[in-house]
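Down below is the structure, laid out as structure tokens.
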Amino acid sequence: MLCGAAGADFLCYVTPAEHIRLPNIEDVKEGVIASKIAAHAADIAKGVKGAIDLDNEMARRRKALDWNGQIALSLNPDKVRQWRAEVPPTESHVCSMCGEFCAIKTVEEALKKR
Ligand code: SF4
């Protein structure tokens, strides 16, 4: 990210298998995604116009508990969909981390009562 923010035109990537074994296709995919995240962070750090828009839209969809929207905006929709399916929430509109105690849901409900 620092190199990108300092003006590097190309960011190399490393895979999770670096110095362990020859990377497989999934390792390469993960390395490229990590590199894209670093490049995106660099664009934000440099103040590239519109770079933050994706993050703001993700934040709006997160606040709305819009899971399909979040998946669509993510850099690896297949993985997010897989994670969500692996540990399904007890209530469909929250996630399995906090479940019924979802802070976003709780705040929304509290604000509606006002
Ligand atoms: S359940 Fe917890 S982690 Fe999941 S969306 Fe709600 S606040 Fe976030």
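Just follow the structure's listing: the first ligand is 1, and inside any ligand the first atom is 1. FYI, the numbering just counts along the sequence from 1.
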* To do: Identify, for atom 3 (S) of ligand 1, the protein heavy atom at the shortest distance, and state residue, atom and that distance.
  => C95 SG, 3.5 Å

* To do: Treat each ILVMFWY residue as a node, draw an edge where side-chain heavy atoms are under 4.5 Å apart, and state whether V80 and I33 are in one component.
  => no

* To do: For the residue pair D55 and H40, establish whether any side-chain heavy-atom pair is separated by less than 4.5 Å.
  => yes

* To do: Look up atom OG in S92 and atom CH2 in W67, then write down how far apart they are to the nearest 0.5 Å.
  => 10.5 Å

* Between D78 and K29, is a side-chain contact (heavy atoms from CB on, under 4.5 Å) present by the stated rule, with each step listed? -> CA-CA 12 Å; D78 292 340; K29 184 177 177 181; 4.2 Å; yes

* To do: Could you find the nearest protein heavy atom to atom 7 (S) of ligand 1 and give me its residue, atom name and distance?
  => A103 N, 3.4 Å

* Asked: At a 4.0 Å threshold, what atoms of ligand 1 neighbour a non-hydrogen atom of M97?
  -> 3 (S)

* Asked: To the nearest 0.1 Å, how far is atom 8 (Fe) of ligand 1 from its closest protein heavy atom, and which atom is that?
  -> I104 CD1, 4.2 Å

* Step-by-step side-chain contact (heavy atoms from CB on, under 4.5 Å) determination, E57 to L73 -> CA-CA 8 Å; E57 184 58 26; L73 283 177; 3.5 Å; yes

* To do: Considering only non-hydrogen protein atoms, determine which one is nearest to atom 6 (Fe) of ligand 1 and report residue, atom name and distance to 0.1 Å.
  => C102 SG, 2.3 Å

* Within C98, is some N, O or S atom less than 2.8 Å away from atom 2 (Fe) of ligand 1? -> yes

* Nearest non-hydrogen partners of P23 and D27, listed with the distance -> CA-OD2, 3.5 Å

* To do: Around atom 5 (S) of ligand 1, find the nearest protein heavy atom and jot down its residue, atom name and distance.
  => W67 CH2, 3.8 Å

